[in-house]
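Note that the structure is predicted; figures quoted are calculated from it, not measured. Along the sequence shown, residues carry numbers from 1.
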Amino acid sequence: MNSLVLMAADSASSASMTSSLIMFAAIILIFYFLIYRPQKKRDKEAKAMLAAMKKGDKVVTIGGIHGTVVTVKDKTVVVKVDDSARIEFSKEAISSVTSKDAVKAAPEAAKKDKKAVENKTEESAAKEEAAPETETKTEETK
């Protein structure tokens with residue numbers, strides 16, 4: 001009788017262990033796809049951004065300082081902040097890089113976005129004007 005109880009307990013513990021291992025593997029996969037993989041992708045993009053940095057690019061540091069790259073060295077970058085102020089930063093201290101071409105194209109894109117916003121506000125204003133008329137008509141029919 002005792003041997004039957006031990007065998008039943010042994011098979012239940014092995015099934016419990018298998019389900020525990022499956023859950024543990026599922027948690028590892030979730031962490032891989034939600035945390036580890038996206039972080040590696042961001043790191044790769046940041047390294048590519050720093051490697052592509054060149055003289056004349058507009059940069060923003062992690063401290064919020066805006067400037068223009070004057071010199072790019074192996075591990076550092078000299079950034080022109082003002083007419084006579086130049087600061088040397090570690091490359092890792094650069095949070096974003098904007099090339100000269102993107103800076104020239106930005107005002108044109110902003111104008112297009114502004115026109116799109118104006119058109120949307122005009123459309124929504126026309127809909128709001130039309131909406132009260134329908135409400136008054138429904139009240140009159142009642």
Just distance, no hydrogens or angles: give the donor-acceptor pairs under 3.5 Å from side chains in residues 83-95, sequence neighbours left out.
residue : atom : partner : partner atom : Å
Glu88   : OE2  : Lys73   : NZ           : 3.4
Glu88   : OE2  : Thr76   : OG1          : 2.8
Ser90   : OG   : Glu92   : OE1          : 2.7
Lys91   : NZ   : Lys73   : O            : 3.4
Ser95   : OG   : Val60   : O            : 2.9
Ser95   : OG   : Thr61   : O            : 3.4

Quick one: pull up NZ in Lys47 and CZ in Arg42 and give me the separation to the nearest 0.5 Å. 14.5 Å

Taking the side chain as everything from C-beta on, heavy atoms only, tell me whether Ile65 gets closer than 4.5 Å to Val81. yes

Just jot down the side chain to side chain contact (heavy atoms under 4.5 Å, CB included) partners of Glu45, sequence neighbours excluded, or say none. Lys41

Determine whether Val97 and Val78 fall in the same hydrophobic cluster, where Ile, Leu, Val, Met, Phe, Trp and Tyr are linked whenever their side-chain heavy atoms lie under 4.5 Å apart. no

If a pair satisfies ring-ring contact (aromatic ring centres under 6.0 Å, His included) and one of its residues is in residues 22-48, list it, with sequence neighbours excluded. Tyr32-Tyr36

Any pair with a residue in residues 52-86 that passes ring-ring contact (aromatic ring centres under 6.0 Å, His included), sequence neighbours left out, goes on the list, sorted by first then second residue, please. none

Under 4.5 Å between any side-chain heavy atoms of Met53 and Val59, yes or no? yes

Holding to side chain to side chain donor-acceptor pair (under 3.5 Å), I want the full list of residues that pass it with Asp43, two or more places apart in sequence or in another chain. Gln39

When rounded to the nearest 0.5 angstrom, what distance separates OG in Ser96 from NZ in Lys58? 12.5 Å

Going by the rule side chain to side chain donor-acceptor pair (under 3.5 Å), which residues pair with Arg37 if we only count those two or more places apart in sequence or in a different chain? none

Quick one: CE on Met23 to CD1 on Ile28, what's the gap to the nearest 0.5 Å? 12.0 Å

Are Ile35 and Ile27 in one and the same hydrophobic cluster, where Ile, Leu, Val, Met, Phe, Trp and Tyr link if side-chain heavy atoms are under 4.5 Å apart? yes

Side-chain heavy atoms under 4.5 angstrom apart, residues restricted to Ile, Leu, Val, Met, Phe, Trp, Tyr: same cluster for Val70 and Val72? no

